[in-house]
Amino acid sequence: MKKNIINFAIIVCIASMYSCSETTFSSTEITIGNSDSSIELKDCFSSAKIIPLKENAETPMADISIMKYHEGKFYCTDTHATAIWVFDKEGNQTAYFEHLGHSGGEYTKILDFDIVGEELWMLCSPAKIMRVGLASEQISILPLDEATTMNRICHYDGLTYLYEEAERAVYTIDGQGETSRLFSQVPLPMASKEMPMFYPCKDCLLYTAAGVEDIYKIDKGNITRYITVDYEGKENAIERFAEAKVPTFEERMKLSFMDIKNIFDLGDQYMISYVFKMIYRACFIDKESGNLLNDGIQLGFFGIPILEANDRIYGVGFYSKENPLVDENQIPVSVVNQQNIPEDGCNAIIEYEL
């Protein structure tokens, strides 16, 4: 992260910040405002690379919803959540996993997925984890309780985590399907708008759920509240979501609703991307000092960021001549395999160099 971010940042004095390596039951409190300040592309990144995705004609992909990176390849599922596409760094499709159906070795929907060792673990409906060898494509099944409402999976630091929605709890699961519930010092929030998210960082695993927006730390078998995010109108927004009703566009504007989209570990800072009053924004938190480095700057300049890997941030979007995704007047932009781009455009991955 370039140092000149701080030049326009609003420094806010907040409670003491604890590092991810410590076990603590206190949490940092930060207040996100409604600033009209903005950040330019050149203040965040030094360059960008567009990777057009060359999908096989027989397996077209809709908008990317989840993406993971493993050993030089991108694993993606789309908004239909029925298959996994695999692309190399040049955007070529190298594999495709789809096992739709109702038999024991099939699924009706992919809820989430991650890479565990040399296997792709797909958390599916009906309740099961489908394990597919990355090289052999051999399939094995870890059955889950039929009544379970587990809907998120994350492999981090040798452990595989699952979120159980009905119990509002986090479990670990091993290769034999044995589960163990993690101890939580605080009740986890009910994700009444959409499913919660795990955020693997360099030295800890973070978790949050929409509708509450407190950020939790999973460390050494415990769950603690790590960062409490406050904003104008939060109480009314929480009450609204407690009714298990999804607000309309007008209600979201009125409620000043905040929706965390992702958390990125940039070494000395966390970048939290979120939507506030229907505007895509980000804030940067200094991990060492505990300072909030800005007050919700607007981010309207790059594809939706959904992945941090290898000290880079990856976004996704639909690329075409009319929609180049990145302003080349701000930073150098390169496009790999331009021959992969059809006339009407295509899905693309944007790699941002910090």
K.L.:
Please tell me whether Y216 and Y226 form a close aromatic pair, meaning their ring centres lie under 6.0 Å apart.
P.N.:
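No, ring centres 6.0 Å or more apart.
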K.L.:
Testing I139, T77, I84 one by one against F97 for a side chain to side chain contact (heavy atoms under 4.5 Å, CB included), which residue passes?
P.N.:
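So the option named by the test is I84.
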K.L.:
Please examine the side chains of I223 and K217, heavy atoms only from C-beta on, and report whether any two atoms are closer than 4.5 Å.
P.N.:
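No; the side chains remain at least 4.5 Å from each other.
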K.L.:
Please answer whether the main-chain N or O of T108 pairs with a side-chain N or O of S125 as donor and acceptor at a distance below 3.5 Å.
P.N.:
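Absent.
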K.L.:
Salt bridge or not for E167 and R181, using N-O below 4.0 Å?
P.N.:
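Here E167 pairs with R181 in a salt bridge, since their nearest N and O are under 4.0 Å apart.
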K.L.:
Do the non-hydrogen side-chain atoms of I272 and I215 ever get within less than 4.5 Å of each other?
P.N.:
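In contact.
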K.L.:
Applying side chain to side chain contact (heavy atoms under 4.5 Å, CB included) to Y314 and V316, what does each step give before you reach the verdict?
P.N.:
CA-CA 7 Å; Y314 294 91; V316 296; over 6 Å; no
K.L.:
To the nearest 0.5 Å, how far apart are CD1 in I341 and NZ in K54?
P.N.:
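It is 12.0 Å, given to the nearest 0.5 Å.
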K.L.:
Set out, in order, the CA-CA distance, both residues' side-chain angles and the distance that settles side chain to side chain contact (heavy atoms under 4.5 Å, CB included) for I350 and V326, then state yes or no.
P.N.:
CA-CA 8 Å; I350 310 99; V326 182; 3.8 Å; yes
K.L.:
Grab the two heavy atoms, one from D265 and one from C201, that are nearest each other, plus how far apart they are.
P.N.:
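The answer is OD2-CB, 3.4 Å.
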K.L.:
Under the side-chain contact (heavy atoms from CB on, under 4.5 Å) test, which residues partner Q93, sequence neighbours left out?
P.N.:
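side-chain contact (heavy atoms from CB on, under 4.5 Å) check on Q93 returns E55, N56, T59, W85, F87, Y96.
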K.L.:
For a side chain to side chain contact (heavy atoms under 4.5 Å, CB included) check, start with the C-alpha distance between F264 and Y270, then their side-chain angles and the critical distance, and finish with the verdict.
P.N.:
CA-CA 6 Å; F264 302 104; Y270 284 128; over 6 Å; no
K.L.:
In terms of hydrophobic clusters joined by side-chain contacts under 4.5 Å, are I115 and I129 together?
P.N.:
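Different clusters.
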K.L.:
Name the one of F113, W121, F198 that satisfies side chain to side chain contact (heavy atoms under 4.5 Å, CB included) with C154?
P.N.:
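For C154, the side chain to side chain contact (heavy atoms under 4.5 Å, CB included) check succeeds only for F198.
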K.L.:
First locate atom OG of S180, then atom CG of D174, and finally report the distance between them rounded to the nearest 0.5 Å.
P.N.:
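That separation rounds to 9.5 Å.
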K.L.:
For E90 and N92, does a side-chain donor sit closer than 3.5 Å to a side-chain acceptor?
P.N.:
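Judged by distance alone, the side chains do not pair up.
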K.L.:
Please determine if K73 and D88 form a salt bridge, counting it only when a charged side-chain N lies under 4.0 Å from a carboxylate O.
P.N.:
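Result for this pair is no, no salt bridge flagged.
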K.L.:
Applying the 4.5 Å side-chain criterion to the ILVMFWY set and letting contacts propagate, would L120 and I141 be lumped into a single cluster?
P.N.:
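Both belong to a single hydrophobic cluster.
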K.L.:
Is it true that E308 and K202 make a salt bridge, defined as a side-chain N closer than 4.0 Å to a carboxylate O?
P.N.:
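The answer is yes: the pair qualifies as a salt bridge.
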K.L.:
Check the pair Y163 / Y207 against ring-ring contact (aromatic ring centres under 6.0 Å, His included), numbers first and verdict last.
P.N.:
CA-CA 10 Å; Y163 176 76; Y207 158 95; 5.5 Å; yes
K.L.:
I'd like to know if the side chain of H155 and the backbone of L159 have a donor-acceptor N/O pair within less than 3.5 Å.
P.N.:
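Yes, because the side chain of H155 sits within donor-acceptor range (under 3.5 Å) of the backbone of L159.
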K.L.:
Would you indicate whether the side-chain heavy atoms of I313 and L266 approach each other to under 4.5 Å?
P.N.:
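Yes, at least one pair of side-chain atoms sits under 4.5 Å.
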K.L.:
Run the side chain to side chain contact (heavy atoms under 4.5 Å, CB included) check on R312 and L354 step by step: do they pass?
P.N.:
CA-CA 6 Å; R312 291 171 175 83; L354 298 173; 5.8 Å; no
K.L.:
Shortest non-hydrogen contact from Y69 to A309?
P.N.:
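Heavy atoms only, the tightest pair is CD2-CB, 4.0 Å.
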K.L.:
How long is the straight-line distance from CG of L162 back to CE of M150, given to the nearest 0.5 Å?
P.N.:
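With rounding to 0.5 Å, CE (M150) is 5.0 Å from CG (L162).
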K.L.:
Measuring from atom CD of E178 to atom CD1 of I173, what distance do you get when rounded to the nearest 0.5 angstrom?
P.N.:
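Answer for the CD-CD1 pair, E178 versus I173, is 8.5 Å.
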K.L.:
Please answer whether the main-chain N or O of T160 pairs with a side-chain N or O of T172 as donor and acceptor at a distance below 3.5 Å.
P.N.:
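Looks like no, no N/O pair under 3.5 Å.
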K.L.:
Let me confirm one number: the OH-CD1 distance from Y199 to I263, rounded to the nearest 0.5 Å.
P.N.:
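The distance works out to 5.5 Å.
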K.L.:
Which heavy-atom pair separates D78 from A62 by the least distance, and what is that distance?
P.N.:
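Nearest heavy atoms, D78 then A62: OD2-N, 3.0 Å.
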K.L.:
About how many Å separate CD1 of I66 and SG of C76, when rounded to the nearest 0.5 Å?
P.N.:
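Reported to 0.5 Å precision, the distance equals 10.5 Å.
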K.L.:
Only one of T148, N151, T179 forms a side-chain hydrogen bond (donor to acceptor under 3.5 Å, both in side chains) with E164, so which one is it?
P.N.:
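Answer to the side-chain hydrogen bond (donor to acceptor under 3.5 Å, both in side chains) test with E164 among T148, N151, T179: T148.
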K.L.:
Work out which heavy atom in I51 is nearest to a heavy atom in V336; give both atom names and the distance.
P.N.:
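In terms of heavy atoms, the two residues are closest at CA-CG2, 3.8 Å.
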K.L.:
For residues 59-70, which residue pairs qualify under salt bridge (charged side-chain N to carboxylate O under 4.0 Å, His left out), counting only residues two or more places apart or in two chains?
P.N.:
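Only K68-D114 qualify under salt bridge (charged side-chain N to carboxylate O under 4.0 Å, His left out).
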K.L.:
Hydrophobic clusters here meaning ILVMFWY residues chained together by side-chain heavy-atom distances under 4.5 Å, can you tell me if I64 and V86 are in one?
P.N.:
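No.
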K.L.:
Are the side chains of D219 and T224 in touch, meaning some heavy atoms are under 4.5 Å apart?
P.N.:
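Answer no - side chains too far apart.
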K.L.:
Would you say that more than 12 heavy atoms from the other residues, nucleotides or ligands in this model lie under 6.0 Å from the CD of Q339, or not?
P.N.:
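Yes - once you tally the heavy atoms of other residues, nucleotides and ligands closer than 6.0 Å, there are more than 12.
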K.L.:
Tell me every residue that passes side-chain contact (heavy atoms from CB on, under 4.5 Å) with S334, counting only those two or more places apart in sequence or in another chain.
P.N.:
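side-chain contact (heavy atoms from CB on, under 4.5 Å) list for S334, sorted by chain: K49.
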K.L.:
Give the cluster check for L123 versus Y107: same hydrophobic cluster or not, with ILVMFWY residues linked at side-chain heavy-atom distances below 4.5 Å.
P.N.:
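They do not share one cluster, since no chain of ILVMFWY contacts under 4.5 Å joins L123 to Y107.
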K.L.:
Report whether M197 and I227 are members of the same hydrophobic cluster (ILVMFWY, side-chain heavy atoms less than 4.5 Å apart, transitive linking).
P.N.:
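In one cluster: yes.
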K.L.:
With distance as the sole test, does E137 use its side chain to make a donor-acceptor pair with the main-chain N or O of G133 at under 3.5 Å?
P.N.:
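Side chain of E137 to backbone of G133, a donor-acceptor pair under 3.5 Å: no, none is there.
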K.L.:
Does the side chain of E353 come within less than 4.5 Å of F45's, by heavy atoms?
P.N.:
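Answer no - side chains too far apart.
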K.L.:
Taking side chain as C-beta onward, heavy atoms only, is K109 less than 4.5 Å from T82?
P.N.:
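Heavy-atom side-chain distance check fails, nothing below 4.5 Å.
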K.L.:
For N337 and P52, which heavy atoms make the closest approach, and how far apart are they?
P.N.:
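Here N337 and P52 meet closest at O-CG, 4.2 Å.
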K.L.:
Could you check if a side-chain atom of E71 sits within less than 4.5 angstrom of a side-chain atom of E118, using non-hydrogen atoms only?
P.N.:
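Contact flag for E71/E118 side chains = yes.
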K.L.:
For H99 and G105, work out which heavy atoms get closest and say how close.
P.N.:
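Closest approach of H99 to G105: CB-O, 4.0 Å.
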